[in-house]
Engineer: 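Got a structure for you, written out below as structure tokens; questions coming shortly.
Order of the sequence lines sets the chain letters (A, B, ...), proteins ahead of strands, with each chain counted from 1.
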There are 2 protein chains.
Amino acid sequence: MPPRRATTPQSVTLRDVAKSAGVHLSTASRALDPTKRHLIADTVASKIAGIADKLGYRRDPIAASLRTRRSKLVGVIVPDIANPVFSPIIAAITETLSAAGYSTIVADGGQDRRRQSALVGELIARRVDGLVLATVRRDDPILKECLREGLPVVLVNRADESDSVSSVVTDDRAGMRLAVEHLFELGHRAIGHVAGPAHISTGYLRRQGFEEAMAARGLTLPADAVVEATAYEREAGEAAAAELLKRNPKLTAIAAANDLLALGVYRAIAAAGLSCPRDISVVGHNDMPLADMVEPPLTTIRIGPREMGHDAARLMIARIQEPEAAVKKVVLSPSLVVRASTARHES
Amino acid sequence: MPPRRATTPQSVTLRDVAKSAGVHLSTASRALDPTKRHLIADTVASKIAGIADKLGYRRDPIAASLRTRRSKLVGVIVPDIANPVFSPIIAAITETLSAAGYSTIVADGGQDRRRQSALVGELIARRVDGLVLATVRRDDPILKECLREGLPVVLVNRADESDSVSSVVTDDRAGMRLAVEHLFELGHRAIGHVAGPAHISTGYLRRQGFEEAMAARGLTLPADAVVEATAYEREAGEAAAAELLKRNPKLTAIAAANDLLALGVYRAIAAAGLSCPRDISVVGHNDMPLADMVEPPLTTIRIGPREMGHDAARLMIARIQEPEAAVKKVVLSPSLVVRASTARHES
DNA sequence: GTAAAATATGCAAACGATTGCAGGAAGCGC
DNA sequence: GCGCTTCCTGCAATCGTTTGCATATTTTAC
């Protein structure tokens with residue numbers, strides 16, 4: 001059997017429905033649009049609905065888009081689709097949006113600024129009703145571009161500096177404070193930090209949280225106690241931790257800005273001939289999938305990615321329906337998940 | 001500053017370009033379409049291109065779609081977007097498609113049959129030019145539905161029974177044979193298998209591969225040496241492995257149909273008071289991200305997800321451009337990745 | 001019973017491109 | 001210089017909806 005041509009599924013159009021119901025095209029259109037249905041007499045409307053159903057009519061979203069300049073399509077841009085942290089966020093966004101009748105189109109922004117910009121252009125051309133960004137830097141040109149276009153935008157996981165756009169993030173400072181408190185209570189005093197990139201809000205804020213928590217406990221922060229990783233990747237974490245250990249041989253614990261970095265820290269510890277948690281305790285951040293399966297199972301900070309995704313989607317829907325609404329910033333509370341990478345420090 | 005309305009980005013239309021160039025709309029359209037450009041005099045065409053550029057014209061894909069019934073959009077349906085195995089496949093598909101001018105819309109099919117069907121309908125309504133499915137069962141109703149609609153489809157990672165659709169998969173039997181050979185060479189003779197669901201091609205074929213490889217080595221297969229997991233999930237793997245160990249206390253090695261199952265096997269081994277790889281060797285399948293970071297680092301079969309994605313995308317493009325072309329089935333060769341979950345068995 | 005208001009439907013113009021058809025200009029051979 | 005191609009460009013229909021406005025019908029108020 002040869003494959004059939006993709007052309008002419010000769011779908012039934014609104015005109016067919018209208019003709020079959022003996023009404024005008026426009027009447028059928030209104031009867032089938034929930035927000036306009038009240039304009040049509042009940043008997044007529046339900047008759048049309050019945051016929052549409054019988055004929056198997058499906059509204060053509062393309063034609064509708066052309067006319068309305070809306071698409072029921074929301075773009076989601078992530079920095080790296082292969083990064084497990086984002087999977088549950090994306091899944092949650094998709095769920096909530098689709099329940100509200102929106103489809104999502106997920107794109108990998110990648111590193112390249114130009115590519116990202118092209119991507120946004122592409123999505124705008126496709127008339128997305130809004131954009132969820134998980135990529136932004138603290139001061140982000142792409143974001144500005146979107147706002148200039150008047151496109152509804154919501155930020156997720158990472159926020160920017162300005163107050164011009166809605167976002168949902170976790171309280172990154174608080175999260176890192178939880179981590180430090182946990183280490184402190186286990187008896188650690190010489191604590192180091194592998195920070196995330198400072199141009200990303202999570203890296204920046206978690207570092208602040210670290211410094212605050214140390215200060216709150218009256219721990220003087222050795223000048224060398226923080227090393228910033230160049231990216232949220234394992235290799236970067238390993239390099240940073242190696243540097244950290246070299247500078248501070250007395251460290252008994254390390255708080256990493258993210259789980260992948262923490263895994264790099266594991267490596268550096270092993271490379272230095274030490275053992276986690278016996279010699280050095282490690283705490284990560286995000287509780288990404290599989291964080292419990294590494295060795296040792298990672299003590300980390302849970303950020304509730306699904307809730308984050310749901311909230312982001314809800315914010316997006318609200319913004320699309322009410323573009324003038326006030327900017328809303330949702331901040332979720334992180335929580336500590338204790339596993340086996342942290343241990344009591346006997347001194 | 002209040003957010004601006006999402007309406008009227010007053011983009012410049014083809015009409016504007018045509019007017020500004022002093023030619024007819026249709027001439028401008030042809031000049032700007034690479035496949036029609038040869039119809040227009042070179043001087044005119046390049047003038048139009050120049051003006052379009054200056055005006056910042058962007059073709060409206062929505063309007064084009066309405067007329068052409070094509071969309072330059074390809075749908076990708078995965079069973080579970082949060083499953084790390086699929087991340088690199090999705091990423092690769094997206095890359096290749098976008099290089100060819102296609103956008104992708106990734107959707108999570110989930111378990112529910114009805115939802116999946118609705119999803120496909122939704123994508124068809126949006127006029128996707130094709131569908132890449134990573135979800136299919138060996139005998140899949142959804143797939144049939146797509147084919148009935150005459151939609152170009154390519155299968156990735158999992159294939160179906162029929163020969164009516166292009167696909168790219170790894171040689172699952174060969175992969176499992178690699179695993180068994182490896183164990184055999186390490187001295188193992190009592191080898192068990194945690195199989196994947198039989199209604200999915202990977203589960204079915206890998207199980208066959210297992211049985212073949214055992215037979216080839218002249219190892220009689222104890223009746224109880226294979227237990228089928230109910231799903232590709234850790235918990236299912238743990239349950240299956242527990243059962244397997246109970247039935248076969250003498251097992252020295254287990255080949256799992258997939259990495260997540262293998263992680264479940266780890267658990268079952270620990271729960272039985274045993275240790276991997278000292279008491280029992282384990283080999284996984286897929287080499288998913290982070291497989292090297294678990295403890296012990298997992299010996300597994302690499303399936304080349306990026307290549308798989310690229311090939312799937314290429315197949316899709318070919319099929320869209322030449323719908324009558326013959327069905328093509330790409331089979332990639334898997335390879336063994338030895339880490340620390342397998343050890344020599346001294347008897 | 002009539003004017004005003006409300007309700008229900010039809011009309012037709014968009015939205016922004018693509019493309020079959022036809023016609024005009026130029027090129028060619030003789 | 002004439003007929004015949006060949007090459008370019010314009011015309012106009014079309015894709016399937018949505019929606020402001022006009023019109024017809026009914027209801028309400030007095």
Engineer: Flag the pair B:Arg115 and B:Asp112 as a salt bridge only when some basic side-chain nitrogen lies within less than 4.0 angstrom of an acidic carboxylate oxygen.
Structural biologist: no
Engineer: Given atom NE2 of B:His38 and atom C1' of D:dC7, what is their separation to the nearest angstrom?
Structural biologist: 11 Å
Engineer: Would you say A:Ile142 and A:Thr135 make side-chain contact, with heavy atoms under 4.5 Å?
Structural biologist: no
Engineer: Is the shortest side-chain N/O distance from B:Arg15 to OP1 or OP2 of C:dA14 below 4.0 Å?
Structural biologist: no
Engineer: Taking only side-chain N and O atoms of B:Arg69, does any of them lie within less than 4.0 angstrom of OP1 or OP2 on D:dG16?
Structural biologist: yes
Engineer: Is A:Arg314 salt-bridged to A:Asp311, cutoff N-O under 4.0 Å?
Structural biologist: yes
Engineer: Output the rounded distance in Å from CG (B:Asp60) to P (C:dA17).
Structural biologist: 5 Å
Engineer: Between A:Asp129 (side chain only) and A:Lys72 (backbone N and O only), is there a donor and an acceptor less than 3.5 Å apart?
Structural biologist: yes
Engineer: Students often get this wrong, so: under 4.0 angstrom with heavy atoms, is A:Leu25 touching a base, only sugar-phosphate, or nothing?
Structural biologist: base
Engineer: Can you tell whether the side chains of A:Asp16 and A:Lys19 come within less than 4.0 Å, N to carboxylate O?
Structural biologist: no
Engineer: Could you state the CG-P distance from B:Leu66 to C:dA14, rounded to the nearest angstrom?
Structural biologist: 17 Å
Engineer: How do B:Thr27 and B:Arg67 order along DNA chain D: which one's closest nucleotide is nearer the 5' end?
Structural biologist: B:Thr27
Engineer: Between the base of C:dG10 and the side chain of A:Arg30, is one N or O donor paired with an acceptor at under 3.5 angstrom?
Structural biologist: yes
Engineer: Could you check whether the side chain of A:Ser26 and the base of C:dC11 have a donor-acceptor pair of N or O atoms closer than 3.5 Å, going by distance alone?
Structural biologist: yes
Engineer: Grab the CZ-P distance between A:Arg126 and C:dA17 for me, whole Å please.
Structural biologist: 14 Å
Engineer: To the nearest Å, give me how far apart NZ (A:Lys36) and C1' (C:dT7) are.
Structural biologist: 17 Å
Engineer: With the side chain of B:Leu14 defined as its heavy atoms from C-beta on, choose the nearest nucleotide among C:dT18, D:dT9, C:dA8.
Structural biologist: C:dT18
Engineer: Looking only at side-chain N and O atoms, does B:Thr68 come under 4.0 Å of OP1 or OP2 in C:dT18?
Structural biologist: no
Engineer: For B:His24 and C:dG23, what is the distance between atoms NE2 and P respectively, to the nearest whole Å?
Structural biologist: 15 Å
Engineer: A:Leu39 has an atom CG; how far is it from atom P of C:dT9, in whole Å?
Structural biologist: 10 Å
Engineer: Quick one: label B:Thr13 by what it contacts on the DNA or RNA (base, sugar-phosphate, nothing), any heavy atom closer than 4.0 Å.
Structural biologist: sugar-phosphate
Engineer: C:dA6 P sits how many Å from A:Ile40 CD1, rounded?
Structural biologist: 19 Å
